[in-house]
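Each remark here refers to the structure printed beneath this line.
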Amino acid sequence: MVDKSTLSFPAAEQNIFMAHCAISPLYAASAKAMQRFVEDMSNGGITALPGYLDTVNTFHNAVAAFLRTDARNISYVHNTAEALCMIANGYPFSPGDEIISYLHEYPSNHYPWVLQEKRGVKLVLLGDTAQPGCPQESDKPRGWSLEELERRISDKTRLVAVSHVQFSSGFGADLEKLGRLCRDRNVDLVVDCAQSLGCLPVYPEKYHLSAVVASGWKWLMGPKGSALLYTAEAFREKIASTMAGPGLMQQGLDYLDHAWAPHEDGRKFEYSTLPWDHLTAMSILLQEIFLSRSIEEIRAEVFRLQDIFLEHVSCENLRFFRFSPENRSGILAARYDGDVGKVVSALTKRGVIATAPVGYLRFAPHFYNTDKQMVSAAQKVNEVLREY
């Protein structure tokens with residue numbers, strides 16, 4: 001079982017937090033580091049900065065170790081939409097090219113590709129596919145199939161853009177199979193890992209991923225407004241810069257040298273001022289949580305906690321999506337025919353934090369939750385649903 005004893009999660013003492021697919025409680029040590037930075041800046045302004053000069057390098061190295069890649073491939077970004085817009089707008093599309101995505105993607109991984117239609121690019125959307133072990137009467141999101149994707153790839157396909165885990169249903173793509181398919185068909189694969197990084201293994205080079213982007217405030221438990229980006233070197237070389245500022249250029253602090261000399265590594269996407277408090281917070285949580293235990297152990301513990309929760313939920317009107325092992329994720333989504341908003345509110349009053357953004361109830365425990373919490377959460381769900 002994964003070690004939880006050395007970590008502090010104040011949120012776990014106040015509620016049973018099962019909404020890590022939304023906005024997670026900030027890791028306590030990261031919060032303290034951010035407070036120290038703010039205090040230092042309050043007291044010293046620019047004079048406080050020398051103590052933080054290695055902040056960016058530390059972040060790059062920590063993320064690289066987590067993703068098993070080189071630090072040159074890592075960038076700090078503010079959110080998934082920013083990263084995907086830079087990639088989409090800078091990609092060398094030509095009129096008639098095609099992008100393949102999924103019908104029910106999260107907006108951050110949809111609109112950047114819609115914008116490319118102005119360049120004559122066609123956005124091809126995979127349809128919703130029935131999944132074994134899941135409610136089949138739904139006309140709402142479930143997931144997509146690798147078989148359909150393979151059929152839809154043509155000689156016009158340049159890029160596939162999908163989420164590793166779908167935010168609505170919890171359907172998880174098999175990255176290894178997906179990456180191999182795209183590699184064999186010479187198609188770039190851009191993956192939004194906001195709903196997986198920190199819960200499921202993501203190894204871009206092993207899975208042949210062109211780019212990975214993930215917000216930091218979900219399963220990573222970092223500050224809101226932080227995110228990370230991985231780009232493979234060959235892929236990065238294709239992307240034209242569409243955002244520019246002093247951070248993009250190799251001349252650094254020589255602000256009157258206006259030569260066009262952009263960085264060629266991950267700094268290519270760090271075009272201007274970075275929030276060092278966020279970078280520090282992310283580095284600390286990566287080092288203390290995700291680099292001191294294996295992500296495979298974390299995944300196993302999340303799934304074990306889910307199973308305990310499911311074992312004790314008895315409401316027949318709650319129909320859970322139970323995907324096959326290769327498509328399982330940290331999100332337990334369920335169909336419920338009643339008012340899910342009222343259910344979420346009632347659970348919150350009882351100290352169970354869940355979400356329901358598109359009409360599904362979503363329960364997303366993390367590895368630091370306990371067996372006792374899972375049993376208690378299930379009992380409270382049963383109580384609430386008996387009332388409605």
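Only heavy atoms go into these numbers, but all of them, side chains included; no hydrogens, no water, no symmetry mates. Quick note: residue numbers are just sequence positions, from 1.
Closest approach of Gly216 to Met282, counting heavy atoms only: CA-CE, 4.0 Å.
One finds a salt bridge joining Arg304 and Glu301 here, because a Lys/Arg side-chain nitrogen approaches an Asp/Glu carboxylate oxygen to under 4.0 Å. Taking 4.0 Å as the cut-off between side-chain N and carboxylate O, Lys349 and Glu387 do not count as a salt-bridged pair.
By the side chain to side chain donor-acceptor pair (under 3.5 Å) test, Arg328 pairs with Gln306, Asp307, sequence neighbours left out. For Arg119, the salt bridge (charged side-chain N to carboxylate O under 4.0 Å, His left out) criterion is met by no residue, not counting sequence neighbours. Arg267 is linked by a salt bridge (charged side-chain N to carboxylate O under 4.0 Å, His left out) to Asp265, counting only residues two or more places apart in sequence or in another chain. With sequence neighbours excluded, no residue satisfies side chain to side chain donor-acceptor pair (under 3.5 Å) with Asp70. A search for side-chain contact (heavy atoms from CB on, under 4.5 Å) contacts involving Leu49 returns Met41, Ile46, Trp276, not counting sequence neighbours. For Phe66, the ring-ring contact (aromatic ring centres under 6.0 Å, His included) partners at least two apart in sequence or on another chain are Phe290. Residues satisfying the side chain to side chain donor-acceptor pair (under 3.5 Å) criterion with Asn57, sequence neighbours excluded, are Asp54. Glu117 is linked by a side-chain contact (heavy atoms from CB on, under 4.5 Å) to Val114, Leu123, counting only residues two or more places apart in sequence or in another chain. Under the rule for a ring-ring contact (aromatic ring centres under 6.0 Å, His included), His263 has no partner lying at least two apart in sequence or in another chain. Residues passing the ring-ring contact (aromatic ring centres under 6.0 Å, His included) test with His312, sequence neighbours excluded: none. With sequence neighbours excluded, no residue forms a salt bridge (charged side-chain N to carboxylate O under 4.0 Å, His left out) with Glu297. Among residues two or more places apart in sequence or in another chain, the side chain to side chain donor-acceptor pair (under 3.5 Å) test is passed with His208 by Arg183.
Residues His20 and Tyr368 bring their aromatic ring centres within 6.0 Å.
Put simply, the residue from Leu361, Val384, Thr355 that forms a side chain to side chain contact (heavy atoms under 4.5 Å, CB included) with Val344 is Leu361.
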